Amino acid sequence: MNTKVVIIGGGPSGLLLSKLLSSKGIDNIVLEKQSKKHVIGRVRAGVLENGTIEMLRLAGVSQRLDKEGFMHDGVFLSFKNHGFRIDLKKLTNKNVTVYGQTEVTKDLYDAIEKSNGIIFNNAKEVIPHEINSKNPFVTFKYNGLEKKISCDFVVGCDGYHGISRKIIPKEVITTYERVYPFGWLGILSETPPVSEELIYANHGNGFALASMRNKNLSRYYIQTDLKDDIENWNDKKFWEELKKRLPSDAADRIITGPSIEKSIAPLRSFVCEPMNWKSLYLVGDAAHIVPPTGAKGLNLAVSDVFYLYNAMKEFYLSGNKDSLNKYSQKALSRVWKATRFSWWMTTTFHKFPEQSSFDQHIQDSELEYLENSIASQTVLAENYVGLPF
Ligand code: RFL
Ligand code: PHB
């Protein structure tokens with residue numbers, strides 16, 4: 001087989017890049033190791049920046065999102081059992097949209113299938129070869145048969161645990177990492193959300209987040225110990241702990257019900273530099289991970305797609321490689337800003353194991369300052385709605 005671009009990984013970034021390239025007649029093939037059902041079923045991001053929405057519109061996959069997404073003009077923060085609102089709209093003239101990653105991925109799959117794009121699901125043992133040459137190719141196993149695709153470029157959209165980043169020689173790549181000493185236990189429940197806007201809570205027992213997917217589907221998270229086992233958290237225990245951590249007016253209102261999904265995710269900041277090597281380009285979680293506290297992971301993956309799609313378009317239209325050569329530098333500049341913001345949200349809202357009363361006072365005064373300073377609120381709002389591409 002032959003194509004222009006092989007995309008390894010059919011998560012949101014790989015699918016979006018594929019759809020956009022196809023819309024400009026740039027042939028591409030997506031190789032995804034999991035089944036479509038598995039990819040669509042992964043409950044992850046919920047908050048989309050306006051820039052992400054624009055990219056989904058450009059790809060022609062926003063019909064359902066435009067109808068069913070919920071625009072949020074503000075967000076609540078709480079500390080010392082007391083909540084206050086950041087008016088995103090007033091401060092930035094922008095908002096965010098609540099629309100699940102599961103739905104984004106489903107919309108992309110539907111659109112690619114409709115336009116006869118090529119996705120190999122259940123592609124096993126995907127390996128890029130000869131990246132350092134003019135004739136790169138990718139091999140994989142599909143239904144037990146060995147396949148080979150020759151291409152111009154390979155794009156690694158295969159997430160943090162993927163193989164793409166690992167083929168970059170050690171002497172070329174530098175990685176930066178912070179692993180946080182806690183995780184997030186998240187549940188999905190078919191109950192009305194406790195609040196019309198998200199609530200991020202700093203509490204002595206640890207962080208909590210009240211989020212949602214729609215009018216009858218709530219998403220809640222609490223900070224848990226890294227060693228904690230999901231088996232230790234039955235629904236009753238989860239709701240009791242969540243109520244303790246949310247401001248009491250919200251806790252009194254909350255409607256509880258059985259969880260329909262429950263999982264624990266570790267928290268990590270990770271950046272690899274550069275984001276490309278020879279004919280290989282990394283996009284999204286394959287190159288960087290942020291803790292979910294700032295709601296930035298999927299949005300960053302989409303801004304990477306923005307830079308790479310435009311650079312590839314320019315190359316195939318005019319033969320000019322300048323933008324491709326600048327891809328890593330451009331993407332990383334935005335990545336580091338979102339990494340900083342996500343780190344700041346995480347350190348401001350979570351309890352650290354060694355946290356002293358001094359540290360607690362610092363967190364409290366950070367949030368008190370935020371509550372009373374428009375300048376400080378503007379910094380948060382600007383970052384939360386997403387910095388320009
Ligand atoms: P993905 O989604 O990990 O997709 C990678 C795909 O590559 C496949 N793959 C391979 N395919 C072929 N061969 C191989 N060797 C392969 N290895 C892996 C995988 O099966 C998979 O399908 O990466 P992508 O596309 O870069 O997208 C990144 C986002 O998924 C991620 O950043 C977000 O989910 C992060 N995130 C959030 N982001 C936001 O913008 N807003 C949020 O509100 C938000 N909330 C969250 C989140 C992530 C969370 N977890 C579970 C980590 C909340 C949580 C709890
Ligand atoms: C979610 O709804 O899953 C969600 C929302 C905001 C975050 C992280 C996750 O910061």
Side-chain angles (χ1 to χ4, degrees), residues 6-18 30-36 38-49 51-52 70 72 75 96-102 104-105 108-109 119-128 138 140-142 154-167 183-188 193 197-200 207 209-214 217-221 261 263-268 270 282-305 335 338 341-342 345-346 349 384 386:
V6 171
I7 298 171
I8 304 180
S13 64
L15 296 171
L16 179 61
L17 181 65
S18 166
V30 178
L31 303 178
E32 164 59 52
K33 78 168 177 190
Q34 303 286 359
S35 68
K36 175 180 167 184
H38 179 98
V39 175
I40 290 175
R42 285 192 298 232
V43 180
R44 286 184 169 181
V47 177
L48 307 183
E49 298 170 1
T52 298
F70 291 87
H72 286 203
V75 62
V96 291
T97 301
V98 167
Y99 190 71
Q101 179 166 332
T102 48
V104 172
T105 316
L108 282 163
Y109 259 107
I119 306 173
F120 284 93
N121 280 105
N122 302 307
K124 304 296 177 200
E125 297 174 36
V126 177
I127 307 174
V138 178
F140 63 105
K141 279 210 175 116
Y142 188 66
V154 178
V155 183
C157 295
D158 49 350
Y160 179 69
H161 298 286
I163 37 104
S164 302
R165 187 180 67 251
K166 292 171 191 145
I167 67 159
W184 276 20
L185 167 61
I187 70 155
L188 203 56
E197 293 173 340
L198 274 67
I199 307 172
Y200 289 81
F207 170 75
L209 169 60
S211 182
M212 66 212 68
R213 290 295 177 271
N214 60 46
L217 194 55
S218 299
R219 181 76 168 153
Y220 295 107
Y221 297 97
E261 197 265 356
S263 52
I264 295 186
L267 267 65
R268 169 194 311 270
F270 173 88
L282 300 179
V283 168
D285 279 15
H288 42 75
I289 293 282
V290 285
T293 329
K296 290 285 157 247
L298 173 60
N299 292 301
L300 267 189
V302 171
S303 61
D304 290 352
V305 169
V335 164
F341 177 65
S342 307
M345 284 285 284
T346 304
F349 279 90
Y384 193 77

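As the structure is a computational prediction, the values presented were derived from the model and not from experiment. Counting convention: from 1, in listed order, for ligands and their atoms alike. Numbers for residues simply follow the sequence, beginning at 1.
- Within the listing of ligand 1, atoms 11 (N), 12 (C) sit less than 4.0 angstrom from a heavy atom of Leu31.
- At the top of the distance list for atom 11 (N) of ligand 1, counting protein heavy atoms only, stands Lys33 N, 3.2 Å.
- The shortest contact between atom 52 (C) of ligand 1 and any protein heavy atom is with Ala265 CB, 4.5 Å.
- Counting only distance, with no hydrogens or angles, the side chain of Ser18 and the backbone of Gly14 share no donor-acceptor pair below 3.5 Å.
- If you check which protein heavy atom lies closest to atom 4 (O) of ligand 1, you get Gly11 CA, 3.6 Å.
- Contacts between Pro292 and ligand 1 below 4.0 angstrom, taking non-hydrogen atoms only, involve the side chain exclusively.
- For ligand 1, the atoms sitting less than 4.0 Å from at least one non-hydrogen atom of Val47 are 41 (N), 43 (O), numbered in the order shown with element in parentheses.
- The protein atom (non-hydrogen) at minimum distance from atom 6 (C) of ligand 2 is Tyr200 OH, 3.3 Å.
- Counting heavy atoms closer than 4.0 Å to ligand 1, residue Ser211 contributes nothing at all.
- Ring pair Phe349/Tyr200 is tilted by interplanar angle, where 30° to 60° counts as tilted.
- For atom 8 (C) of ligand 2, the nearest protein heavy atom (residue, atom name, distance) is Pro292 O, 3.3 Å.
- Within ligand 1, the atoms closer than 4.0 Å to a non-hydrogen atom of Asn299 are 40 (O), numbered from 1 in the order shown.
- Under a 4.0 Å criterion applied to the non-hydrogen atoms of Cys157, ligand 1 contributes the atoms 5 (C), 6 (C), 7 (O).
- The shortest N or O to N or O distance between Trp184 and ligand 1 is not under 3.5 Å.
- Distances between N or O atoms of Tyr221 and those of ligand 1 include no value under 3.5 Å.
- Residue Arg219 has no nitrogen or oxygen atom sitting less than 3.5 Å from a nitrogen or oxygen atom of ligand 1, judged on distance alone.
- Of all protein heavy atoms, the one closest to atom 21 (C) of ligand 1 is Arg42 NH2, 3.2 Å.
- Under a 4.0 Å criterion applied to the non-hydrogen atoms of Gln34, ligand 1 contributes the atoms 20 (O).
- Contacts with ligand 1 closer than 4.0 Å are made by side-chain heavy atoms of Val126 only, the backbone lying farther away.
- Considering both main-chain and side-chain atoms, Leu298 comes within under 3.5 Å of ligand 1 through a nitrogen or oxygen pair.
- Between Gly297 and ligand 1, an N or O atom pair is found at a separation short of 3.5 Å.
- Protein heavy atom at the shortest distance from atom 20 (O) of ligand 1 is Glu32 OE2, 2.6 Å.
- In this structure a side-chain-to-backbone donor-acceptor pair under 3.5 Å is missing from Asp285 to His161.
- Residue contact annotation: Ala123 has no non-hydrogen atom under 4.0 Å from ligand 1.
- Below 4.0 Å from some heavy atom of Ile163 lie the following atoms of ligand 1, by number and element: 15 (N).
- Below 3.5 Å of separation, one finds no N or O of Gly284 facing any N or O of ligand 1.
- Ligand 1 has a nitrogen or oxygen under 3.5 angstrom from a nitrogen or oxygen of Ser13.
- Distances from ligand 2 to the non-hydrogen atoms of Met345 include no value under 4.0 Å.
- Among protein heavy atoms, atom 27 (O) of ligand 1 sits closest to Pro12 CG, 3.6 Å.
- Geometric assessment of Lys296 against the ring of Tyr384 yields a positive cation-pi assignment under the 6.0 Å and 45° thresholds.
- Heavy-atom contacts from other residues, nucleotides or ligands closer than 6.0 Å to NZ of Lys166 number more than 12.
- In terms of polar-atom proximity, defined here as any N/O pair under 3.5 Å, Trp184 makes no such contact with ligand 2.
- Residue contact check: Lys296 has heavy atoms under 4.0 Å from atoms 39 (C), 40 (O) of ligand 1.
- Between Leu209 and Trp184 the shortest side-chain heavy-atom distance falls below 4.5 Å.
- The main-chain N or O of Ser211 is never found under 3.5 Å from a side-chain atom of Arg219 such that the two would form a donor-acceptor pair.
- Those atoms of ligand 2 that come under 4.0 Å of a heavy atom in Leu198, given as number and element, are 5 (C), 6 (C).
- When all heavy atoms of Pro12 and Gln101 are compared, the closest pair comes out as CG-NE2, 3.5 Å.
- Ligand-side atoms of ligand 1 in range of Gly46: 42 (C), 43 (O), range being under 4.0 angstrom from any heavy atom.
- Heavy atoms of His38 found under 4.0 angstrom from ligand 1: none, in either backbone or side chain.
- Considering only non-hydrogen protein atoms, atom 4 (C) of ligand 2 sits nearest to Tyr221 CE1, 3.8 Å.
- Note on ligand 2: Lys296 sits outside its first shell, no heavy atom being nearer than 4.0 Å.
- The protein atom (non-hydrogen) at minimum distance from atom 30 (O) of ligand 1 is Gln101 NE2, 2.8 Å.
- Here's the thing with His161: none of its N/O atoms is less than 3.5 angstrom from an N/O atom of ligand 1.
- Among all non-hydrogen protein atoms, the one lying nearest atom 1 (P) of ligand 1 is Arg44 NH1, 3.5 Å.
- Here is the list of ligand 2 atoms found below 4.0 Å of a heavy atom in Thr293: 10 (O).
- The shortest N or O to N or O distance between Tyr384 and ligand 2 is not under 3.5 Å.
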